[in-house]
Engineer: 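One structure, as structure tokens, below. Some questions next.
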Amino acid sequence: MNEYKIAVIKGDGIGPEIVDSALRVLDRVQDKFGFRVNYEVFPAGGCAIDKYGMPLPDETLEGCRASDAVLLGAVGGPKWDSIEPSLRPERALLGLRSGLGLYANLRPAIMFEELKDASPVKNIDKMDIMMVRELTGGIYFGDSDSYSCNDILPDGTPKVRIAYDTESYSEGEIRRITDLAFRIARGRSRHLTLVDKANVLTSSRLWREIAEDVHDDYRDVSLDFLYVDNCSMQLISRPGDFDTIVTSNMFGDILSDEAGQITGSVGMLPSASLGKTGTPGMYEPIHGSAPDIAGTGKANPLATILSVAMMLRWQFGENEAADAVEEAVRKALAGGYRTSDISRGNAGEIPVDTNGMTDAVIAGL
Ligand code: IPM
Ligand code: MG
């Protein structure tokens with residue numbers, strides 16, 4: 001029997017609730033498909049700050065490195081908003097991404113037929129986008145600083161203080177992520193869109209140059225380019241026309257929230273963060289810790305459950321089990337089960353809380 005070891009990080013806010021749901025589904029699916037997943041829980045985020053004075057204890061990073069994969073809920077919350085930036089809960093996430101070398105973030109934005117009504121966009125036919133976001137470079141990890149300054153702006157306004165963050169990409173970073181994106185597009189509808197701001201940014205022009213070069217190895221995949229502002233508009237007006245999108249860390253962060261909301265709720269979107277083949281990937285919902293609804297039972301567990309499906313597929317190659325989880329989610333939606341974020345009060349809807357939705361998915365397995 002195949003055995004896997006995963007590190008589980010529940011985090012803050014709704015994190016523990018949605019991770020517990022996902023683990024219940026994982027327990028059921030491993031029994032059914034005959035493999036074994038052992039897990040160990042590690043602290044990270046705000047709860048780790050409270051307990052250990054730091055968002056990402058060494059023991060957590062080491063535990064993740066020693067696992068086959070990481071399942072993460074969400075980190076952060078208003079409680080930790082005013083602490084020193086280098087100790088914020090979000091640092092845990094960034095530390096895990098860089099510490100595990102997770103340079104590729106896959107964020108599939110799929111519109112379930114049953115949720116068309118929940119989309120803020122009218123008349124969507126279909127939407128099935130794979131967003132490939134670069135995750136360990138760009139402005140998130142570039143040079144940054146802030147300092148006092150006595151200079152004066154041309155109109156006489158004093159500058160007082162300066163703060164900057166730098167968007168910088170190496171050819172190697174762009175090459176490995178665009179190569180992966182082409183491979184992914186090849187397994188889909190063979191169309192890749194590079195989203196950038198090449199009319200303004202030097203780094204974006206390097207992205208275009210490298211993407212065109214990598215394209216030589218993937219002539220069966222078509223490649224086009226879109227400026228990020230235009231892309232955010234096209235996503236709303238013709239979401240069904242996109243296949244695979246590859247983009248930088250910052251643009252991917254923004255566009256994936258937008259794409260997520262078009263599918264009905266950001267509470268539906270899973271993600272996989274991958275590094276070198278054979279190293280542990282991290283699987284998590286794209287949404288945050290939603291502290292306003294923590295403990296109320298309102299959290300939608302589907303993004304985390306679908307993240308487990310991505311783990312089964314991308315990390316373990318347990319494709320049948322992954323299909324079964326995705327199918328069970330579809331069945332729960334078709335059965336009318338709705339957490340409040342995806343409810344439109346339509347006839348036939350069965351309002352459920354986090355546990356109720358989890359039960360519905362498990363029943364579908
Ligand atoms: C995400 C989140 C993170 C990011 C934050 C919490 C640091 O928004 O995973 O999209 O910006 O990458
Ligand atoms: Mg984000």
Side-chain angles (χ1 to χ4, degrees), residues 9-15 18-19 22 44-49 54-56 60-61 64 70-109 129-142 144 165-167 169 173 177 195 228 231-232 235 245-263 265-275 281-292 294 299-300 303-304 306-307 310-311 341:
I9 297 174
K10 297 187 180 183
D12 311 311
I14 60 171
I18 53 177
V19 168
C47 57
I49 297 173
M54 60 184 104
L56 182 61
T60 296
L61 184 56
C64 292
V70 182
L71 177 65
L72 185 139
V75 295
K79 183 177 171 193
W80 304 282
D81 268 354
S82 51
I83 63 176
E84 205 226 306
S86 67
L87 289 175
R88 284 180 64 104
E90 289 81 357
R91 284 281 132 201
L93 214 48
L94 301 180
L96 284 164
R97 288 171 182 171
S98 62
L100 297 172
L102 306 174
Y103 65 84
N105 185 215
L106 315 189
R107 299 191 158 184
I129 299 175
M130 177 61 94
M131 185 93 66
V132 181
R133 169 190 177 193
E134 200 290 326
L135 203 59
T136 51
I139 197 164
Y140 274 63
F141 292 94
S144 71
D165 302 275
T166 319
E167 174 82 349
Y169 270 109
E173 287 173 306
I177 190 81
V195 176
V228 62
C231 178
S232 70
L235 272 174
I245 289 176
V246 64
T247 190
S248 66
N249 206 343
M250 179 89 264
F251 295 158
D253 179 44
I254 299 166
L255 293 176
S256 59
D257 268 30
E258 184 189 359
Q261 193 57 38
I262 298 172
T263 70
S265 166
V266 77
M268 292 296 302
L269 259 72
S271 79
S273 303
L274 308 175
M282 186 158 79
Y283 300 81
E284 57 174 318
I286 78 153
H287 61 72
S289 59
D292 52 321
N300 181 349
T304 318
L306 290 168
S307 299
M310 289 192 86
M311 175 189 290
D341 59 314

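Heads up: numbering here begins at 1 and tracks the sequence. Indexing begins at 1, ligand by ligand and atom by atom, following the structure's order. For clarity, every value in this text was computed on a predicted model and none was experimentally measured.
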Engineer: Does the Arg88 side chain pair with the main chain of Asp81, one donor and one acceptor, at a distance under 3.5 Å?
Structural biologist: yes
Engineer: Which option wins on minimum heavy-atom distance to atom 10 (O) of ligand 1: Leu269, Asp253, Leu135?
Structural biologist: Asp253
Engineer: Just checking, is any N or O donor in the side chain of Asp253 or Tyr140 under 3.5 Å from an acceptor N or O on the other one?
Structural biologist: yes
Engineer: Please confirm whether Arg133 approaches ligand 1 to less than 4.0 Å, judged on its heavy atoms.
Structural biologist: yes
Engineer: Do NZ/NE/NH1/NH2 and the carboxylate oxygens of Asp12 and Lys79 come within less than 4.0 Å?
Structural biologist: no
Engineer: Do me a favour and list the nearest non-hydrogen protein atom to atom 11 (O) of ligand 1 with residue, atom name and distance?
Structural biologist: Tyr140 OH, 2.5 Å
Engineer: Should Ser232 and Leu255 count as side-chain neighbours, where that means a heavy-atom distance under 4.5 Å?
Structural biologist: yes
Engineer: Is the shortest side-chain heavy-atom distance between Val75 and Ser289 below 4.5 Å?
Structural biologist: no
Engineer: So, 2.8 Å as the limit: is an N/O/S atom of Asp253 located closer than that to the Mg ion (ligand 2)?
Structural biologist: yes
Engineer: Between ligand 1 and Arg107, can you find any atom pair, the residue atom being a heavy atom, that is separated by under 4.0 Å?
Structural biologist: yes
Engineer: With a 4.0 Å cut-off on heavy atoms, is Arg97 in contact with ligand 1?
Structural biologist: yes
